[in-house]
Amino acid sequence: MITCSGIHKSFGSLEVIRGVDLSVGTSEVTAIVGPSGAGKTTLLQILGTLDRPGAGTVRYGDVDPFALRPAALARFRNSNIGFVFQFHQLLPEFTLLENVAMPALIGGIARREAFARASELVAMLGLKERAAHRPGQLSGGECQRAAVARALVNTPQVVLADEPSGSLDSANRAELHRIFFDLRDRLGATFVIVTHDESLAADCDRVIHMRDGLVTSISSRNEKNQL
Ligand SMILES: Nc1ncnc2c1ncn2[C@@H]1O[C@H](COP(=O)(O)OP(=O)(O)OP(=O)(O)O)[C@@H](O)[C@H]1O
Ligand SMILES: [Mg+2]
């Protein structure tokens with residue numbers, strides 16, 4: 001489904017991604033791990049079409065998103081890619097339910113349908129009682145679960161998460177991690193998660209190890225491929 005090949009990226013004279021090939025398995029949870037500065041966030045941004053590679057290609061099935069014009073790329077991203085960041089980035093003036101529905105509303109889904117989908121995800125993530133609250137009235141764990149619901153509301157091909165549990169305490173972290181695997185099993189959702197959390201990486205279907213702008217190894221549950 002999603003593949004990257006020959007990805008390079010430089011900032012000025014600093015080459016931070018130095019030739020990366022990878023593919024993301026459908027209905028799998030993939031972790032990207034590695035030391036600070038390895039290029040994990042940069043690679044995730046390219047995979048998410050938020051940043052262009054200097055060289056190389058990203059493909060979503062038959063689609064080369066970087067070949068699209070800006071408006072078409074924005075539409076493609078809205079309907080195919082969900083994002084979860086370290087800090088939830090919910091909009092403070094909207095309720096939890098409105099925040100979750102937002103990408104569907106932006107994508108032109110009718111209000112009733114957008115809120116129906118949002119309500120279903122909010123219930124699935126155990127946030128029903130909190131649906132009418134604004135982010136300022138929610139705990140960090142609740143906000144992060146809402147951010148996951150928001151990422152899924154357009155039934156994207158993939159959810160990309162950058163240190164999603166990095167700001168949570170251990171109980172909320174464990175709960176969020178359980179939710180990723182639950183959503184994989186119940187919805188067939190696909191996740192790529194940048195994480196420093198070894199226990200999360202250990203549970204993932206595939207772990208991509210990065211160092212100095214390169215993929216150094218990929219281990220999967222069934223096979224170990226040393227690159
Ligand atoms: N916009 C930018 N301009 C210049 N350099 C950048 C930019 N973004 C990232 N870098 C550099 O690229 C390298 C990789 O950064 P990146 O954020 O991808 O690392 P990371 O693996 O996500 O690290 P961390 O675990 O600390 O989040 C770093 O040396 C960083 O300083
Ligand atoms: Mg990072």
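Just follow the structure's listing: the first ligand is 1, and inside any ligand the first atom is 1. Note that this is a predicted model, so its numbers are computed, not measured.
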for atom 6 (C) of ligand 1, nearest protein heavy atom and its distance come out as Phe11 CD1, 3.3 Å
request  = May I ask whether Gly39 places a heavy atom under 4.0 Å from ligand 1?
outcome  = yes
To the nearest 0.5 Å, atom CD of Glu98 lies from atom CE of Met102 at 6.5 Å
If we ignore hydrogens and angles and just use 3.5 Å, is the side chain of Arg221 paired with the main-chain N or O of Asp205 as donor and acceptor?
no
min-distance protein heavy atom vs atom 27 (O) of ligand 1 -> Glu163 OE2, 3.5 Å
heavy-atom search around atom 29 (O) of ligand 1 in the protein gives Leu14 CD2, 4.1 Å
In short, ring-ring contact (aromatic ring centres under 6.0 Å, His included) pairs touching residues 24-73 with sequence neighbours left out are Tyr60-Phe76
Check: Measuring from the heavy atoms of Gln45, does anything fall under 4.0 Å of ligand 1?
Finding: no
For Gly37, the ligand 1 atoms with a heavy-atom partner under 4.0 Å come out as 13 (C), 14 (C), 19 (O), 20 (P), 21 (O), 23 (O), 24 (P), 26 (O)
Residue, atom and distance of the protein heavy atom nearest atom 26 (O) of ligand 1 read Ser36 OG, 2.5 Å
- Query: Should the heavy atoms of other residues, nucleotides or ligands under 6.0 Å from CZ of Arg211 be counted, would the total exceed 12?
  - Reply: no
| Are any of the N or O atoms of Ala38 closer than 3.5 Å to those of ligand 1? | yes
Atom 25 (O) of ligand 1 has as its nearest protein heavy atom Lys40 NZ, 2.7 Å
Note: Val16, heavy atoms under 4.0 Å from ligand 1, region reported as side chain
TODO: Look at Thr42 and state whether any of its N, O or S atoms is less than 2.8 Å from the Mg ion (ligand 2).
DONE: no
Value for OG1 (Thr155) from CG (Asn80), rounded to nearest 0.5 Å, stands at 10.0 Å
The protein heavy atom nearest to atom 15 (O) of ligand 1 is Thr42 OG1, 3.8 Å
message = Within the structure provided, determine whether Gln144 and Ser165 are in side-chain contact (heavy-atom separation under 4.5 Å).
response = no
Atom 17 (O) of ligand 1 sits nearest the protein heavy atom Thr41 CB, 3.6 Å
Q.
Any side-chain to backbone donor/acceptor pair from Thr190 onto Val158? Under 3.5 Å, distance only.
A. no
**Prompt:** Within a distance of under 4.0 Å, is there any protein heavy atom near atom 2 (C) of ligand 1?
**Reply:** yes
Under a 3.5 Å distance rule, please check whether Asn99 uses its side chain to pair with a backbone N or O of Phe94 as donor and acceptor.
yes
Test item, Met210 contacting ligand 1 (heavy atom, 4.0 angstrom): no
Within 4.0 Å of some non-hydrogen atom of His196, the atoms of ligand 1 are 25 (O)
**Prompt:** Is it true that a side-chain atom of Lys128 and a backbone atom of Val122 form a donor plus acceptor pair closer than 3.5 Å?
**Reply:** no
### Message
Less than 4.5 Å apart, side chain to side chain, heavy atoms only: is that true for Met210 and Val215?
### Response
yes
